[in-house]
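One structure below.
Numbering of ligands and ligand atoms starts at 1, following listing order. Given the structure is predicted, the values throughout are model-derived calculations rather than measurements. Along the sequence shown, residues are numbered consecutively beginning with 1.
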Amino acid sequence: MVQAAQKTRLKQGPEDGYSTSSMRILEGLEPVRKRPGMYIGSTGPTGLHHLIWEVVDNSVDEAMAGHCSRIDVTLGEDGSCCVVDDGRGIPTDPHPDYPDLTGVDIALTKLHGGGKFGDGGYKVSGGLHGVGVSVVNALSSRLIVDVYRDGKHFNVEYAKGGVPQGKLKVLGDAKNRSGTTITFWPDPTIFEEIEFRAQTVVERLQVMAFLNRNLEIRFFDRRKGRLQSETFKYSGGISDYVKHLNLSKEALFKKVGYFTQSDADQEVEVAFQWNTGYYEGIHSYANGIATTEGGMHEEGFRKALTNVVNKYSRQKGSLKEKDENLLGEDIREGLTAIISVRLREPQFEGQTKSKLGNVSIRSLVERATNEKLTEWLDENPREANQIVQKSIQGARARIAARQARDLTRRKSALDGAGLPGKLVDCSSRDARETELFIVEGNSAGGSAKDARNPRTQAVLPIRGKILNVERARLDKMLRNTEIQALISAIGAGVADDFDAAKIRYHKIIILADADVDGSHIRTLLLTFFYRQMKALVENGNVFVAQPPLYSTLVGKEKVYLKDDNAKADFLSKNPNHKNEFQRLKGLGEMDFSELRDTTMEISKRSLLRIEVEQAAIADEICSVLMGDDVESRRSFIQQNAKDVRFLDI
Ligand code: 0RA
């Protein structure tokens with residue numbers, strides 16, 4: 001841990017160097033309510049969940065400073081979220097520079113940019129979400145703070161976006177207890193939706209527990225009909241994370257490698273293990289925040305990894321003088337690794353602000369990996385040899401795949417010039433307005449062809465099951481005709497050659513039945529896109545069509561209802577509705593007009609955009625669903641049967 005930085009926190013009393021100069025200018029909360037997106041990214045589900053992350057991040061900061069060992073997160077029946085920690089508690093006495101305000105007042109009602117409470121405050125705090133709990137207050141219709149500190153229980157309540165409902169008061173004694181409890185109700189006038197999604201919260205809490213060794217995080221869902229609780233505590237930290245990610249795969253060897261190194265004000269921790277698969281699973285974090293776009297820490301690691309393994313291979317004679325160096329990608333096949341760095345003032349860049357830009361961390365990670373990974377290989381010769389042999393195989397497969405690709409390309413199947421025969425293309429060439437429907441089965445393909453708008457909508461029927469790409473290498477994949485058709489229809493290449501700028505349709509829409517076969521096809525296609533056209537998924541170009549479940553007649557007009565919720569909603573708005581509800585058939589049985597009205601017509605249909613919030617989790621789900629481990633697939637499907645979601649849709 002970066003001890004030096006963390007110890008210099010806000011201290012109490014006038015003599016502690018807590019001077020006006022170290023304070024940032026304090027601002028009220030109006031700007032947050034005016035432009036919520038600036039602070040939490042959006043007012044959709046992602047922004048809503050940011051409220052929880054923000055509060056939990058504050059508690060995690062306490063844990064990182066060594067003052068907190070447990071955090072409880074509870075979703076209440078009344079729509080609240082309550083976060084309890086056993087840290088030191090937010091300071092309750094008046095602030096030296098603002099005698100009218102207590103520490104709690106400042107934390108909850110003032111915006112303080114950057115480090116919490118100015119320069120003396122927490123340096124190493126969750127940058128992106130480190131906007132402060134005051135932002136949560138500003139976006140809540142009600143918020144209650146309970147602080148246990150100095151033997152007393154303090155309490156204060158706010159409403160309507162941070163308006164205090166009285167002063168901080170002492171409610172009683174708190175012997176043998178310290179900490180902070182924040183309970184909040186997201187403001188329904190700000191957020192599009194105020195219902196938290198348990199799975200999103202659970203996944204995130206689990207990652208936080210992995211990243212903070214020995215921190216116990218408990219989750220309780222007390223909402224009606226979904227009672228659930230989970231406890232996460234990992235004595236192995238990120239090594240346990242790597243083990244967990246490889247659980248559904250076959251590990252190449254039992255050991256999980258681990259090293260850490262720090263300098264004056266930054267620190268890196270790396271855990272790694274290879275599996276027998278072919279995908280690279282490097283996941284990185286900066287101050288506990290996922291850096292899905294990578295950045296300097298990943299760069300440093302990759303460079304040093306390639307260097308170290310090549311050096312080792314030559315030193316041991318596995319690579320001869322005449323042999324070419326192994327490429328990074330050869331070495332990273334089947335590698336699962338977690339890189340976690342902590343640093344002052346992380347710079348988050350990139351399209352989704354999830355790329356770490358601090359140059360100084362690159363040299364630390366590179367140096368650490370060069371030194372410590374070399375040591376690890378020397379100390380673990382058996383594993384080292386397995387890594388080297390696997391990398392050499394990777395290099396051979398790369399060359400074979402390149403040859404296969406060249407061959408297919410020569411046949412002009414992949415370059416867009418020769419479009420697949422069964423593609424029913426649209427006439428518009430403006431990709432921004434065009435859509436490709438990938439339809440399971442020939443009969444559904446026929447209806448889709450009739451139901452489409454021929455100007456902007458193209459249809460590609462896919463027959464039967466496409467190849468399971470999780471278990472096949474690229475060269476084998478490229479020999480599969482369904483995969484070839486997909487690649488050439490989309491027209492932007494595949495794998496490393498994939499160029500998102502060349503896609504022929506901005507919306508790629510999967511149209512498959514709601515039954516078991518349909519969901520299998522859907523999963524296969526999503527896995528293929530996630531693995532081989534990742535940018536497509538990351539850029540939000542992939543969708544799943546959601547044909548409605550019900551229809552009913554209102555007068556002469558047929559009304560379609562998406563699901564049970566929509567049906568209940570409809571009934572509450574139309575209490576006198578007496579007509580029956582029809583449960584809709586599968587895609588294959590719909591005639592073209594039904595298919596058009598429910599699934600294809602832009603003004604009526606509903607699509608589900610596939611998003612990848614937690615790449616590590618998506619990766620895991622891909623492997624669990626598509627990998628070799630039948631048992632973990634079964635249990636995953638059983639656990640998630642009620643909530644069939646994929647890649648955190
Ligand atoms: C400011 C200063 C100190 C702790 C905190 C804030 C703090 C905030 C939150 C929010 C949720 N849980 C929290 N726990 C602590 C340091 C106090 C000291 O030096 O004693």
Side-chain angles (χ1 to χ4, degrees), residues 1 3-19 22-24 26 50-74 80-98 101-126 129-140 143-158 162 168 174 177-184 205 208 212 215-218 287-288:
M1 292 296 121
Q3 294 297 352
Q6 284 157 0
K7 277 183 188 143
T8 48
R9 288 200 189 202
L10 169 61
K11 298 197 201 85
Q12 307 301 302
E15 77 285 27
D16 62 7
Y18 187 19
S19 66
S22 73
M23 291 298 300
R24 311 276 168 106
L26 297 179
H50 263 156
L51 300 184
I52 304 185
W53 316 151
E54 182 52 47
V55 179
V56 176
D57 279 356
N58 279 275
S59 302
V60 169
D61 283 349
E62 275 294 281
M64 277 175 41
H67 299 289
C68 162
S69 62
R70 182 197 277 165
I71 301 170
D72 286 348
V73 177
T74 305
S80 64
C81 171
C82 174
V83 180
V84 182
D85 71 48
D86 61 355
R88 287 168 296 180
I90 307 177
T92 52
D93 41 1
H95 192 280
D97 298 326
Y98 299 88
L101 298 173
T102 65
V104 175
D105 292 326
I106 295 186
L108 271 299
T109 64
K110 302 292 172 198
L111 276 177
H112 19 79
K116 284 163 208 178
F117 291 60
D119 281 344
Y122 306 62
K123 278 282 176 50
V124 180
S125 70
H129 313 114
V131 287
V133 272
S134 60
V135 167
V136 179
N137 201 10
L139 302 176
S140 295
L143 183 146
I144 304 172
V145 186
D146 292 283
V147 172
Y148 304 87
R149 202 181 155 100
D150 304 327
K152 293 196 195 69
H153 171 192
F154 300 86
N155 165 280
V156 63
E157 182 166 344
Y158 304 89
L168 184 72
R177 171 171 187 186
S178 73
T180 306
T181 298
I182 293 180
T183 312
F184 66 94
L205 295 180
M208 283 179 160
N212 294 277
L215 172 62
E216 182 171 343
I217 305 185
R218 301 191 300 186
N287 295 356

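- Neither the backbone nor the side chain of C68 has a heavy atom within less than 4.0 Å of ligand 1.
- Among the candidates T102, L101, N155, L108, the single residue satisfying the side-chain contact (heavy atoms from CB on, under 4.5 Å) test with L168 is T102.
- A distance of 3.5 Å separates CZ in R88 from NE2 in H67, rounded to the nearest 0.5 Å.
- Donor-acceptor pairing under 3.5 Å is recorded for the side chains of S59 and D85.
- For ligand 1, the polar-atom distance check against E62 finds no nitrogen or oxygen pair separated by under 3.5 Å.
- Counting heavy atoms only, N58 comes closest to atom 11 (C) of ligand 1 of the residues L108, V56, N58.
- For P91, the closest heavy-atom approach to ligand 1 falls below 4.0 Å.
- Residues T183 and L143 form no side-chain contact, since every pair of their non-hydrogen atoms from C-beta on lies 4.5 Å or further apart.
- The pair R70-D86 does not meet the salt-bridge criterion, since no charged nitrogen lies less than 4.0 angstrom from a carboxylate oxygen.
- Heavy atoms of D85 found under 4.0 angstrom from ligand 1 belong exclusively to the side chain.
- Applying the 4.0 Å criterion to heavy atoms of R149 picks out, from ligand 1, the atoms 17 (C), 18 (C), 20 (O).
- Ligand 1 lies nowhere less than 4.0 angstrom from a heavy atom belonging to V133.
- One distance of note links CG of D72 with CZ of R218; it measures 4.0 Å at 0.5 Å rounding.
- Contacts between H67 and ligand 1, counted as non-hydrogen atom pairs separated by less than 4.0 Å, are absent for every part of the residue.
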